[in-house]
Structure formats: structure tokens, C-alpha cells
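In each ligand, atom 1 is the first atom listed, and ligand 1 is the first ligand listed. As the structure is a computational prediction, the values presented were derived from the model and not from experiment.
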Amino acid sequence: MTKQEEIQKLKEEKDAVILAHYYVRPEVQDIADYIGDSYFLSRRAVDMPHRTIVFCGVSFMGESAKLLNPAKTVLMPDAKADCPMAHMVTMETVERARAQYEDLAVVCYINSTAEVKSWSDVCVTSANAVQIVKNLPNKNILFIPDRNLAHFVADKVPGKRIIYNEGFCPIHEHMKAEEIRKLKEQHPSAKVLVHPECSSEVTALADYIGSTSGIIDYAKNSTDTIFIIGTEQGVRHALQQAREDAVFFFPETEPICVDMKMITLDKIIDVLKNGSNEIKMDDGQASAAAERTLTRMLELAQ
Ligand code: 13P
Ligand code: SF4
């Protein structure tokens, strides 16, 4: 039996569904029932009939799925796969802003721990941050943890005062604008599609800025055939499947999220067999508050 066949058999036995983010390895994307960006996956997590969700991604994704589905079993193929940015904000930052600004909403990127979500008023993803912030009644917005997504939102929603926090995704932040510029010189007709987690030096070079799904949809619906991609290299798999006729160039220093790449077929087989790495959330007030920020996002992003 191949690993793929073994996963299929175990999924049926355990009544499990596999969700995967676009940044995981191609062979993991290929066995997933659903692949998507963070927003799509959080939506999917709430309407799955299965008893068990195997989340091929980093811990904030599994935690979010569990908060939205407390009665379900959520398994992480690797419990150590974590997003460093999810931890890059302190409670003091939130408390200070709440004391300083009236009419404040604390908006947290879904790339945050459940604890960070519990301090916040509403959650967003890169796909819906602009829409949600624009529609909030509050004038002042503390945006945590990502300063780059916060800058992107501030550009698009000039009517609000955005208060920044100094968090960032190391993979997108360290993308070199110089390497994108070099690719543009080599391929002058290429369209540049980048993620809003990139620095403003990189986003300034883009024709389109959007979530991983946004980038894939742009390429899918475009008549262009050459693209320069400013996000994690895992999206290459879906891009190439969507546009066999197109060429995709990534920066020379390829952006790789080592945490996403920790997910392997062997680890998926292992958690399906043993039920290991189950996400546990206590059912206290903090979990209830974190769940409210996620549910509010799902309502406001409709
Ligand atoms: P999206 O899935 O919202 O594009 O975010 C990218 C990311 O960094 C996920 O960890
Ligand atoms: Fe976190 Fe960046 Fe990896 Fe996404 S790509 S999980 S934001 S470290």
C-alpha cells in the first residue's frame, strides 16, 4: 500500500478530513481534501461533517479550528510546527492602547495564538482585513501582531488611525526588494504578485497585493503568462496546476517557511493511527473570548 492509500484508508476509518495550507509540501497538498489560505480554511473548518480534522499547517490554524469546533478532534501532524509571528505581541501593548485611546478596536491577525485572540475584539486574515477594518465603527485600530499587514490596511483605509505593533513574518519580511527588482529587469512584462506580509519596500514593486488565494486567483484569471511571486514557495504547486502555460519566478533567496514544511505524509499517517498531537483548549473564559473574535470575523467577512 502506498502512503497515499494508507492515508485514504485511515481517513475513512477515523471519519477524518484533511485541511492543508498552500505553504505545505506538494505531496501533502495532493492528499488534502481541501487546500486554501487561512480564511478559506477557517470557514471550511466550521462546516465539516467529520468527527476529526487533521490540520496540515501551523499551530494557530489548528487552534482556530478547535476553538470554532470544540466538540471535534483536531490533530496536528507536527505539534512543533508554529508561526513565530503568532507570539510577537504582549498583553501590555494591548492594555496600554486600551488605556490610551478611546473608541479603540483591537484587531488581531489570525496568525496569533489563542491567548492573543482572547485579548482582541475581532480577528482578520490577509483576505478580509481591509474589508473588516473599513466596516468597524471604531476610529482607532490597534492592529496586532503584523506591522506589514497593518501598513497595507492603513493604506487602503485612510479614514482610520492604525496603531502598529512591531511583529512580522520572518519569511515575508526578509524577502529582498533587490531580488524582485532584478527579476523585473530580467522579465519586464511580468506581473508582480505579493503577499501583504512583505515589507513596504517589496509591496511598492507589486502589481497586486493579496492573500495566497488572492495571488493564485489573480494568476488563474489573468491573460499574462509571466509572474514574479512574492510569497512562500509552497504556492508554486497550485499556481503551476492552475496555469500550466505560465512561468512563475520566485526571489533568488527562496522564501521557505520551515514550520509549514515540517508536515509530512508519515506524520499524517502517525496522527491518524494514534490520535496523537490533539489540540486541547481549556473551556474557560479565555477560550470563549478567542472563539468570539474568530466568530466575529466569520460574521463580518460575509
Ligand atoms: P494567508 O493564508 O492568509 O494568505 O496567510 C499566509 C500565511 O502566512 C499563513 O501563515
Ligand atoms: Fe508564520 Fe510566516 Fe510561516 Fe505564515 S509563512 S506560518 S506567517 S512564519
Side-chain angles (χ1 to χ4, degrees), residues 19-25 28-29 32 34-45 55-65 76-89 107-114 116-117 123-133 143-150 152-153 165-175 193-199 202-203 206 208-220 229-239 250-251 253-263 294 297-298 301:
L19 305 185
H21 192 271
Y22 284 119
Y23 293 167
V24 298
R25 294 163 187 272
V28 174
Q29 294 186 40
Y34 297 96
I35 316 166
D37 68 357
S38 308
Y39 178 53
F40 172 84
L41 294 173
S42 60
R43 285 220 82 88
R44 264 288 90 121
F55 216 119
C56 299
V58 289
S59 40
F60 76 80
M61 297 179 171
E63 276 180 5
S64 300
M76 299 304 288
D78 191 316
K80 290 189 290 304
D82 195 7
C83 170
M85 176 165 64
H87 305 268
M88 290 187 191
V89 60
V107 175
C108 76
Y109 192 18
I110 196 164
N111 296 38
S112 53
T113 62
V116 170
K117 289 184 179 76
C123 192
V124 295
T125 75
S126 58
N128 57 36
V130 169
Q131 180 200 344
I132 290 180
V133 169
F143 196 101
I144 53 175
D146 187 11
R147 64 179 174 215
N148 292 320
L149 183 60
F152 174 69
V153 171
N165 168 73
E166 292 304 321
F168 58 90
C169 159
I171 287 84
H172 288 86
E173 167 95 0
H174 296 142
M175 206 178 292
L193 319 180
V194 312
H195 198 280
E197 287 174 16
C198 294
S199 68
V202 168
T203 54
Y208 171 78
I209 307 167
S211 76
T212 46
S213 291
I215 289 173
I216 293 162
D217 287 346
Y218 185 103
K220 215 186 257 180
I229 305 295
T231 192
E232 211 274 351
Q233 55 90 266
V235 300
R236 182 186 273 124
H237 190 54
L239 284 168
F250 283 74
T253 315
E254 227 181 26
I256 298 181
C257 178
V258 286
D259 285 86
M260 289 282 191
K261 305 304 186 214
M262 286 162 79
I263 313 304
L294 279 163
M297 170 185 81
L298 297 180

> Does C83 offer a backbone N or O that forms a donor-acceptor pair with the side chain of D259 under 3.5 Å?
Replying inline: no
>> Between D146 and H172, is there a side-chain donor-acceptor contact under 3.5 Å, judged purely by atom types and distance?
In response: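 H172 vs D146: no donor-acceptor pair found between side chains.
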Minimum-distance pair of heavy atoms, taken over all atoms of [X] and [Y]:
X: P145; Y: N111; value: CG-O, 3.5 Å
X: I215; Y: V194; value: CD1-C, 3.6 Å
X: F168; Y: N148; value: CB-ND2, 4.2 Å
X: I216; Y: A238; value: CD1-CB, 3.8 Å

>> Is there a side chain to side chain contact (heavy atoms under 4.5 Å, CB included) between V235 and Y23? Walk through the geometry before answering.
In response: CA-CA 6 Å; V235 300; Y23 293 167; 3.9 Å; yes
> What protein N/O/S atoms sit under 2.8 Å from atom 2 (Fe) of ligand 2, by chain and number?
Replying inline: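 Checking every protein N, O and S atom gives C169 SG.
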> How many angstroms lie between atom NE2 of H21 and atom OG1 of T212, to the nearest 0.5 angstrom?
Replying inline: 4.0 Å
> Nearest 0.5 Å, what's the CG-OG distance between L298 and S64?
Replying inline: 9.5 Å
>> Just to be sure I understand the cut-off, which residues have at least one non-hydrogen atom under 4.0 angstrom from an atom of ligand 1?
In response: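 Close residues (ligand 1, cut-off 4.0 Å): H21, Y23, D37, S38, F60, M61, Y109, N111, S126, H195, E197, S211, T212, M260.
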